[in-house]
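Bear in mind that the values here come from a model prediction, so they are computed numbers and not experimental data. Numbers restart at 1 for each chain; the letters A, B, ... are given by sequence-line order, proteins then strands. Just so it is clear, the values below take in all heavy atoms, side chains as well, and ignore hydrogens, waters and symmetry mates.
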Amino acid sequence: MSRYDAPSIEARWQAEWDKAGSFRAKADPEKPKYYVLEMFPYPSGRIHMGHVRNYTMGDVVARQKRATGHAVLHPMGWDAFGLPAENAAMASGGHPKDWTYQNIADMRGQMKPLGFSIDWSREFATCDPDYYGQQQALFLDMLDAGLVTRRAAVVNWDPVEMTVLANEQVVDGKGWRSGADVERRELTQWFFKISDMAGDLLDALEGLDDWPAKVKLMQANWIGRSRGLEMSFPLVEPAEGFDAIPVYTTRPDTLLGASFVAVSPDHPLAKALAAHRPEVAAYCEEARKGGTTEEAIETAEKTGLDTGLRVRHPLDASWELPVWIANFILMDYGTGAIFGCPAHDQRDLDFARKYALPVVSTFVPVEGEHARPEEGADAFVPQKTEPVRYVKLFAGEEEQSSEQGVEAAIAFAEAQGWGKGVTRYRLRDWLLSRQRYWGCPIPIVHCAECGAVPVPRDQLPVRLPEDVSFDRPGNPLDRHPSWSRVPCPSCGGEARRETDTMDTFVDSSWYYARFTAPHAVTPTEMDEAAYWMNVDQYIGGIEHAILHLLYSRFFARAMVQTGHLPASAREPFDALFTQGMVTHEIYQTRDENGRPVYHFPEEVEGGRLKSSGEAVEIVPSAKMSKSKKNVVDPVHIVATYGADTARWFVLSDSPPERDVEWTAAGAEAAYKHLSRVWRLAQEAAEATGDAKPDADAALERALHKCIHEVTQGVESFGFNAAIAKLYAFTNLLAKSEAGPEAKRRAARVLAQLMAPMTPHLSEELWARLGGEGLCAEAAWPKADPAMLIEESVTLPIQVNGKRRGEIQVARDTAVKEIERLALEAVARSLEGAAPKKVIVVPGRIVNVVA
RNA sequence: GCCGGUGUGGCGGAAUGGUAGACGCAGCGGAUUCAAAAUCCGCCGAGGCAACCCCUCGUGAAGGUUCGAGUCCUUUCACCGGCACCA
């Protein structure tokens with residue numbers, strides 16, 4: 001009997017599939033189409049187990065859909081622009097382009113041995129001029145359609161390097177290289193007007209039935225529709241050309257609890273004051289320190305400066321409130337100004353306590369006492385639907401929910417004419433400008449006479465210049481001696497190219513559409529897009545739940561609007577699956593200063609370093625990362641056990657939406673199991689003898705059950721459950737007394753059911769067990785429903801919810817009879833007492849209430 | 001800080017509101033072997049009991065709803081993801 005020799009069979013079948021063109025996506029009007037897509041990788045240079053898991057899941061879906069008669073599109077590409085290439089260029093002097101294309105070649109080479117059923121003829125990288133040129137065309141179409149705008153936005157500014165920093169380059173409020181305090185600084189930049197579509201992007205979530213509820217909830221919260229009041233606080237003394245401060249509030253019902261008005265340090269009033277009042281300028285400068293992230297702003301200590309200005313309360317002209325500048329007010333949200341009601345907002349309360357501002361409750365609980373914020377308790381913020389008693393009331397009922405109070409207050413303000421109810425969104429416009437080299441150039445020329453002029457379409461793509469240097473911080477495009485100097489396309493005068501490039505999220509917001517016609521001379525081809533879109537199944541990490549998916553939904557809408565996608569594709573992803581990470585435990589020792597020193601798994605054996613025998617500390621599993629060295633190289637695993645083992649293992653141990661822990665023992669076990677299947681199949685192939693009717697029938701029954709369960713598991717993303725069933729059936733086959741023909745059939749179907757996960761092994765066994773043609777092209781087996789019906793069932797009998805016995809009954813036993821048998825079975829537990837009630841759940845359980 | 005998620009044996013995990021621990025790993029016992037590897041068979045949550053009968057406890061913690069809760073609700077703790085320039 002031959003041994004299971006993964007490397008040789010894997011290479012051979014990959015060549016066979018290639019030769020047969022099995023995975024070429026071919027539009028076929030006779031078949032339903034199926035587009036399965038995994039989020040494409042960033043070309044870091046090495047694939048990791050997370051990639052293996054992600055692409056294996058997609059491959060299982062692709063292979064099973066092919067087997068069930070679909071025309072399948074399963075492409076692969078590279079999300080190839082981005083910061084790491086520039087960082088690499090700075091660190092080692094190469095060029096981002098060379099680094100990126102070399103990484104792509106390396107990763108493709110590591111990926112192909114895994115045997116994914118990908119149509120490689122559609123491969124592209126987002127840094128290909130073919131791709132980003134089409135992206136520039138899309139940008140210009142979106143500009144024409146009014147979906148693009150230009151205005152000031154805040155960036156992280158490193159005052160030492162004189163450069164813009166990415167959020168990840170800001171560490172504890174300081175630049176990662178210079179260590180200087182980062183400032184928030186304004187630049188004029190390009191935006192996509194995604195906020196115009198906020199309402200639609202929110203409402204359309206409801207139609208995404210095959211998206212995880214948690215992702216839809218995260219997106220809904222991110223978009224953040226709110227109903228509120230826009231109103232103004234008149235200044236007692238007009239100042240800096242302002243006679244009032246407009247604010248937006250979602251809690252107008254608490255207006256009688258207002259104790260101050262606060263504006264953002266970036267508010268026009270704050271800027272005007274700063275121009276001639278040094279203490280204001282100093283405060284605003286201080287308040288602008290730190291990064292731009294919401295997290296940095298929210299967790300920074302709340303500070304403020306009393307401007308000395310006073311505003312009048314709109315409900316009582318004699319009531320004056322102070323105007324503060326506060327660091328936690330965002331200029332991007334609402335009007336950049338708020339009124340503070342400390343009794344009903346914890347942040348306002350902290351601020352009021354710090355600066356000794358009044359705290360006045362406007363409502364209290366209907367029943368009982370809530371500790372009073374006035375007397376040192378926390379702010380009272382009940383659920384919006386919970387009724388409360390208003391003690392300071394100006395609109396609506398004394399007893400009403402906050403929700404009702406807000407509506408009443410809006411109606412009251414509108415009737416009196418000092419305010420207006422508005423619906424606002426938290427979602428901001430999408431800032432797409434990046435002051436970086438390795439991205440898609442924004443196809444605009446700036447002319448002193450004509451302003452921002454689009455590059456004519458026949459001059460696209462605007463290519464990145466290759467003669468750039470990375471020896472200094474900042475954007476090489478900006479300091480390139482000639483690249484940006486061009487004549488104005490409009491007047492022919494001297495002009496300057498836009499030197500900003502696009503956010504890399506733009507690249508990944510339409511690649512799924514490009515895969516339908518990857519070589520087209522327009523962004524898409526309508527026929528191809530109409531055939532293949534939408535993506536039937538999209539698979540990727542939960543970390544993309546908000547930004548990437550929201551931007552893609554926006555882009556699909558924009559592409560419909562600009563005629564690049566059919567209207568049916570405005571929601572591009574029919575079904576979404578978010579898979580978990582691959583984790584591994586961490587091995588560390590300590591250096592003389594007690595700092596951890598990490599070690600790769602292959603350097604450790606039996607809890608000790610192979611080299612020195614020193615014991616290692618084992619830190620619980622975390623996401624595989626190079627810095628912690630808790631990584632397992634898929635290339636190494638494939639070389640040791642074969643691709644099928646790696647694929648089988650990443651699917652077997654955890655539900656796909658959860659993290660899976662890679663363990664050496666688990667990988668070994670997966671390999672042993674595949675070897676066992678190999679042996680059993682060989683035994684079946686070589687078996688001789690007579691049929692054994694009873695055992696044959698029993699095996700056939702079990703096989704149909706297995707087909708049913710595995711199909712269901714694969715189609716519902718229960719890959720680990722499907723694999724558990726395959727284990728169970730393998731155990732059963734091993735013990736079966738069935739005759740040779742029945743065993744051969746069982747082994748052949750088993751191989752086929754495993755094929756989505758272990759395609760090479762399955763292909764080899766298929767051939768050896770007499771399967772016709774390629775297993776990869778064979779029709780998926782069907783379970784006979786008649787074979788799935790059990791004739792008798794075991795019913796557990798509970799007494800007061802605790803299991804006390806069980807009975808065997810025929811499938812169609814009458815309820816009365818089941819009751820009688822159940823009481824008989826648990827008579828001892830009842831100790832003669834008469835049951836109060838008997839609950840029979842047919843086919844499941846009986847509960848006797850004593 | 002805000003938004004979302006997760007928590008079950010020694011370990012990974014299974015379980016339409018219906019027998020908690022499927023399946024796998026590790027462990028233990030046995031078969032095979034000159035011996036080992038490989039393979040095959042059996043046991044395997046904790047505690048109690050003469051007993052593989054049975055009883056008690058047990059799904060991060062505390063309460064609640066229900067005939068019945070790992071599953072639903074409230075509170076709470078820990079960890080993970082996101083927070084708009086990492087991708």
Side-chain angles (χ1 to χ4, degrees), chain A residues 39 41-42 44 79 81-84 87 155-156 164-170 194 212-215 217-222 224 291-300 302 328 332 346-347 427-436 503-505 507-508 541-548 550-551 578 580-581 583 620-623 649 652-655 657-661 663 665-666 668-670 672-673 675-676 679 718 720-721 723-728 731 734-735 794-806 828-829 836-839 841 843-850:
Chain A
M39 291 180 184
Y42 180 79
S44 60
D79 189 13
F81 275 137
L83 271 185
N87 293 336
V155 296
N156 299 307
V164 177
L165 298 179
N167 284 333
E168 71 159 2
Q169 297 171 325
V170 178
I194 188 172
K214 64 179 170 186
V215 174
L217 188 55
M218 281 190 260
Q219 291 220 350
N221 289 338
W222 184 262
T292 57
T293 67
E294 193 177 334
E295 184 187 5
I297 292 163
E298 287 289 327
T299 54
K302 274 108 194 124
F328 59 91
D332 290 323
Q346 189 60 41
R347 195 170 53 178
L427 180 67
R428 310 198 295 256
D429 276 337
W430 173 5
L431 170 64
L432 73 109
S433 303
R434 295 292 183 269
Q435 294 71 43
R436 317 205 177 282
D503 178 8
T504 55
F505 272 122
D507 313 336
S508 55
I542 185 68
E543 66 273 23
H544 296 294
I546 298 176
L547 293 178
H548 163 62
L550 191 61
Y551 290 154
T578 54
M581 300 177 301
T583 66
S621 269
K623 178 176 182 170
F649 180 71
S652 66
D653 256 21
S654 278
E657 68 276 15
R658 293 251 289 268
D659 293 351
V660 64
E661 182 178 8
T663 60
E668 180 72 30
K672 281 187 186 173
H673 178 72
S675 304
R676 184 171 186 231
R679 263 197 320 277
N720 59 322
I723 283 178
K725 302 297 183 190
L726 287 165
Y727 267 106
N731 288 338
K735 289 182 179 138
T794 305
L795 289 185
I797 316 299
Q798 297 181 328
V799 176
N800 293 332
K802 288 191 196 305
R803 185 182 172 280
R804 287 292 183 263
E806 61 179 40
R828 200 162 45 111
S829 302
K836 290 200 185 100
K837 196 171 164 189
V838 181
I839 295 154
V841 183
R844 307 277 336 186
I845 202 166
V846 179
N847 192 13
V848 178
V849 185

**Request:** May I ask you to say what A669(A) touches in the nucleic acid, namely base, sugar-phosphate or nothing, with a heavy-atom cut-off under 4.0 Å?
**Result:** sugar-phosphate

Please check the phosphate of C40(B) (OP1 and OP2 only) for any side-chain N or O of R679(A) closer than 4.0 Å.
yes

Checklist entry - If we take the C1' atom in both G64(B) and G48(B), what is their distance in whole Å? => result 31 Å

The nucleotide from G1(B), U19(B), C86(B) with an atom nearest the side chain of Q798(A) is U19(B)

Whole-Å distance, I546(A) CD1 to A84(B) C1', equals 9 Å

**Asked** Are OP1 or OP2 of A14(B) and a side-chain N or O of N720(A) less than 4.0 angstrom apart?
**Response** yes

Taking the P atom in each of A22(B) and A46(B), what is the distance between them to the nearest angstrom? 13 Å

With rounding to the closest Å, how many angstrom separate the C1' atoms on C54(B) and C49(B)? 8 Å

Is the shortest side-chain N/O distance from R804(A) to OP1 or OP2 of U19(B) below 4.0 Å?
-> no

Rounded to the nearest 0.5 angstrom, the CG-CD distance for L165(A) and Q435(A) is 10.5 Å

Side-chain contact check for V164(A): nearest option of G5(B), G82(B), C85(B) is C85(B)

Separation between CG (L550(A)) and CD1 (I194(A)), nearest 0.5 Å, reads 4.5 Å

Would you say the side-chain atoms of N156(A) pair up with the backbone N or O of T292(A), donor to acceptor, closer than 3.5 Å?
yes

If you compare every side-chain N and O of T293(A) against the phosphate oxygens of C83(B) (OP1, OP2), does one of them come in below 4.0 Å?
no

In whole angstroms, the gap separating C1' of U6(B) from CD of E543(A) amounts to 16 Å

**Message:** If I pick the P atom on C25(B) and the same atom on G18(B), what distance separates them, to the nearest angstrom?
**Reply:** 29 Å

**Asked** Any side-chain heavy atom of R676(A) sitting closer than 4.5 Å to one from N731(A)?
**Response** yes

For C77(B) and A62(B), measure between their C1' atoms and round to the nearest Å. 11 Å

When you compare G24(B) with G13(B), how far apart are their C1' atoms, in angstrom units rounded to a whole number? 9 Å

Closest of G7(B), C40(B), A84(B) to the R658(A) side chain is G7(B)

- Query: NA contact type, P41(A), heavy-atom cut-off 4.0 Å: base, sugar-phosphate, or nothing?
  - Reply: nothing

Assigned chi class of G9(B) under the 90° convention is syn

note: Q435(A), atom CD; C86(B), atom P; distance rounded to Å ~ 13 Å

Side-chain contact check for N221(A): nearest option of G18(B), C3(B), C86(B) is C3(B)

Here the distance between atom C1' of G18(B) and atom CD1 of I839(A), to the nearest Å, is 10 Å

* Compare side-chain N and O positions of R428(A) against OP1 and OP2 of A84(B) and report whether any pair is under 4.0 Å apart. => no

